[in-house]
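Here is the structure we will look at.
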Amino acid sequence: MKRSRLYLTLPFLLALQVDLTSAAALRATPPQSNDDSHPNNAPASQLTVKLSRSTRHRVKGSQEGAIIPLVGVGVGNSPHHKIPFILASALSPVSNKQTHSVEDLQYRMVDTSHTDSALEVLVGRSLSRLLLSEGKAKSSPSGNTREEYHILIKIHHTHLGYERTMLSIQNSLSDILPELNGKSGTSSSNTIDFRVHAVIQYPRCYDSFFMTETYKNSPNFPEKHSSCHEEEDALDDASKSAGPSPLIDSDNAWKRSWRALEELYHHGTLESIGVSNFGPFDMNGLYEIATEGPHIYQGSLRTLLLEEDMIEELIRHGVHFQCIDAASAVLTGKATAPEAYATLERMGAKHGSVDEDGYSAVQLVLGWLVQRGVGVFPGTTSATHLAENSPLTLASMPKFSPRENLDIETALLTIVNSKGSINKEIGGGITENDGIAPVNVELTANGSQLDGGVVATFFNILQRNVRIFHVHPETGRQVQLSRAIPPGRSGRLIVEPDDVLIAYDAYGVAVKKFLVEEDTSGSVDFTCD
């Protein structure tokens, strides 16, 4: 008996693929070729996204949303002695010994972390060196173009609350861009502008945070603690005197922090504001109180793939998602889900060619995310990996076909659901395997999907949700294949030729009947109208 194979892709990625601008108020700038007259000096087109403004509380006459790069370099967990080298390699043109040319990797965004370490000071020194080198840019053919560099600063959970958040941002600006002096979110030289974005890193302190391997191994916490109260007791006097402890009112301290961010945003100190590691409950609370934003949400690959309802809300509110652990999550899959990882490696090898080796599994996933408007931060201490995962490389990656998109997402779902990757996320609300892995997608022995399936895309142009059902060819029994496809969105399934499918609305009324023809060339589009 013929088995129907199915898979409904993540609504967030579907929305971006169908209509990037209307779904999430995003605008991805397609890659363009360099100026032929100056191939080594002319910058490649940036992969960027336009951040949306609040629609419920739009300020009359206010400017449009900021434009931010999709690819940045993350130094939040980098060894301190490596940071100057990482940023020098990422932000400044470097010499290629093989081609005897100067290459610009096109990194224009740095993701930092605010702790009691010297990380922000090291970032500031690197940016100062960048300013000192601008004299070379003046004499270059592209010297007339002003470059924008974006800095993402964080508000740690120890500095939640209005007064402490103000202090945290003041300290960050003083360390990273001392010439700002806390007055403006844009620092300008003759050829360079610096844009500052702020993100609340956690909605509150969690005692479980101090038991994570990330915390134990992070160089950003020279003095380790075992609980939130112990950390608060060890906090410096200036922070304590700035405002009350966020532990006193842990459910509302972040709300006062958000008020501070909104003020600094409207004042022009900050280019955009956002949050990180917020679960659905806190995000709903933020939507209720926010008069501006959030513009950015930073979260894990697991959250992006599995927290379907929260991602839908991010889309609805026009929030830009930045994936903070894409590279590390993929590399974890090498041990926890070897077949899925091998699938990504094979796809990278045949999808394109970087020199002679094709794309790595990490490059493949980073490119897949960027093509869907998701921001990424490939953190590394290797100059080679920095170049491999750079905006310059990802911008040149060919577009994936619908079938390739499905295969990549299937492999990633296997990785994030694998035993070694299922850990409780701080604030994310995921505590165990949620059973969302596509277990009904048939795989070959090497982990790739069987050949012969048809990618069926269903466009819902009705004003209500629809679900797709498969009609058994012999018994006539109907089996639900998809989850609800919202109005104006689309869903994709892998089906077989001659399959009969029916779309039902939320009231159980049959909307339309479909037949998958034999000569579909591997894909077919259906409209629910």
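Along the sequence shown, the residues carry numbers beginning at 1.
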Would you confirm whether [X], through its side chain, and [Y], through its main-chain N or O, come within 3.5 Å as a donor-acceptor pair?
X    : Y    : answer
T527 : D529 : no
T414 : T410 : yes
S482 : I468 : yes
D207 : S227 : no
H295 : I273 : yes
E313 : N284 : no
N277 : Q201 : yes
S276 : Q298 : yes
S396 : T393 : yes
Y297 : M283 : no

Can you tell me how far [atom2] of [Y] sits from [atom1] of [X], rounded to the nearest 0.5 angstrom?
X    : Y    : atom1 : atom2 : value
L160 : N252 : CG    : CG    : 11.5 Å
I485 : L493 : CD1   : CG    : 6.5 Å
L286 : H317 : CG    : NE2   : 8.5 Å
R108 : L70  : CZ    : CG    : 14.5 Å
S272 : L51  : OG    : CG    : 5.0 Å
H197 : Y265 : NE2   : OH    : 10.5 Å

What pair of heavy atoms forms the shortest contact from [X] to [Y], and how long is it?
X    : Y    : result
I86  : S78  : CD1-OG, 3.8 Å
Q478 : V471 : CG-CG2, 4.0 Å
P280 : M310 : N-SD, 3.5 Å
P487 : N465 : CD-OD1, 3.1 Å
V73  : A90  : CG1-CB, 4.3 Å
L261 : A198 : CD2-CB, 4.0 Å

Next on the checklist: Determine whether R346 and K350 satisfy the following criterion, side-chain contact (heavy atoms from CB on, under 4.5 Å), listing intermediate values before the conclusion.
Outcome noted: CA-CA 6 Å; R346 283 191 297 273; K350 70 178 183 179; 6.0 Å; no

Item to check | Which residues share a side chain to side chain contact (heavy atoms under 4.5 Å, CB included) with A510, sequence neighbours left out | outcome: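 I502, Y504.
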
Item to check | Residue pair L369, V365: steps toward the side-chain contact (heavy atoms from CB on, under 4.5 Å) verdict | outcome: CA-CA 6 Å; L369 291 170; V365 173; 4.1 Å; yes

Is there side-chain contact between [X] and [Y], with heavy atoms separated by less than 4.5 Å?
X    : Y    : result
L394 : Q371 : no
L247 : C205 : yes
L413 : L306 : yes
L152 : M109 : yes
P473 : D498 : no
V516 : E496 : no
I68  : Q322 : yes
H150 : P69  : yes

Checklist entry - Mind checking what makes ring pair (Phe, Tyr, Trp, His ring centres under 6.0 Å) contact with Y215, not counting sequence neighbours? => result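 Ring pair (Phe, Tyr, Trp, His ring centres under 6.0 Å) check on Y215 returns F209, F210, F221.
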
Next on the checklist: More than 12 heavy atoms of other residues, nucleotides or ligands under 6.0 Å from NZ of K512: yes or no?
Outcome noted: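 Yes, NZ of K512 has more than 12 neighbouring heavy atoms, counting only those of other groups under 6.0 Å.
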
For [X], all residues meeting salt bridge (Lys or Arg N to Asp or Glu O under 4.0 Å), sequence neighbours excluded:
X    : answer
D249 : R256
D309 : none
E262 : R259
D525 : none

Checklist entry - Parallel, tilted or perpendicular: which fits the ring planes of F458 and F514, with parallel below 30° and perpendicular above 60°? => result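 Correct class here is perpendicular.
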
Checklist entry - Relative to the ring of W254, is the ring of F278 parallel (under 30°), tilted (30 to 60°) or perpendicular (over 60°)? => result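 Plane angle over 60°, so perpendicular.
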
Checklist entry - Please walk me through it: do I311 and L304 pass side-chain contact (heavy atoms from CB on, under 4.5 Å)? => result CA-CA 7 Å; I311 297 300; L304 178 65; 4.2 Å; yes

Checklist entry - What ring pair (Phe, Tyr, Trp, His ring centres under 6.0 Å) pairs are there with at least one residue in residues 322-345, not counting sequence neighbours? => result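 Non-adjacent pairs meeting ring pair (Phe, Tyr, Trp, His ring centres under 6.0 Å): zero.
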
Next on the checklist: Before you tell me yes or no, could you show the steps for L344 and I408 under side-chain contact (heavy atoms from CB on, under 4.5 Å), namely the whole-Å CA-CA distance, both residues' side-chain angles and the distance that decides it to 0.1 Å?
Outcome noted: CA-CA 7 Å; L344 295 176; I408 293 172; 4.2 Å; yes

Which residues share a side chain to side chain donor-acceptor pair (under 3.5 Å) with [X], sequence neighbours left out:
X    : result
H156 : none
D505 : R464
T112 : none
S226 : E230

Item to check | Any residue meeting disulfide (SG to SG under 2.5 Å) with C528, in chain and number order, not counting sequence neighbours | outcome: none

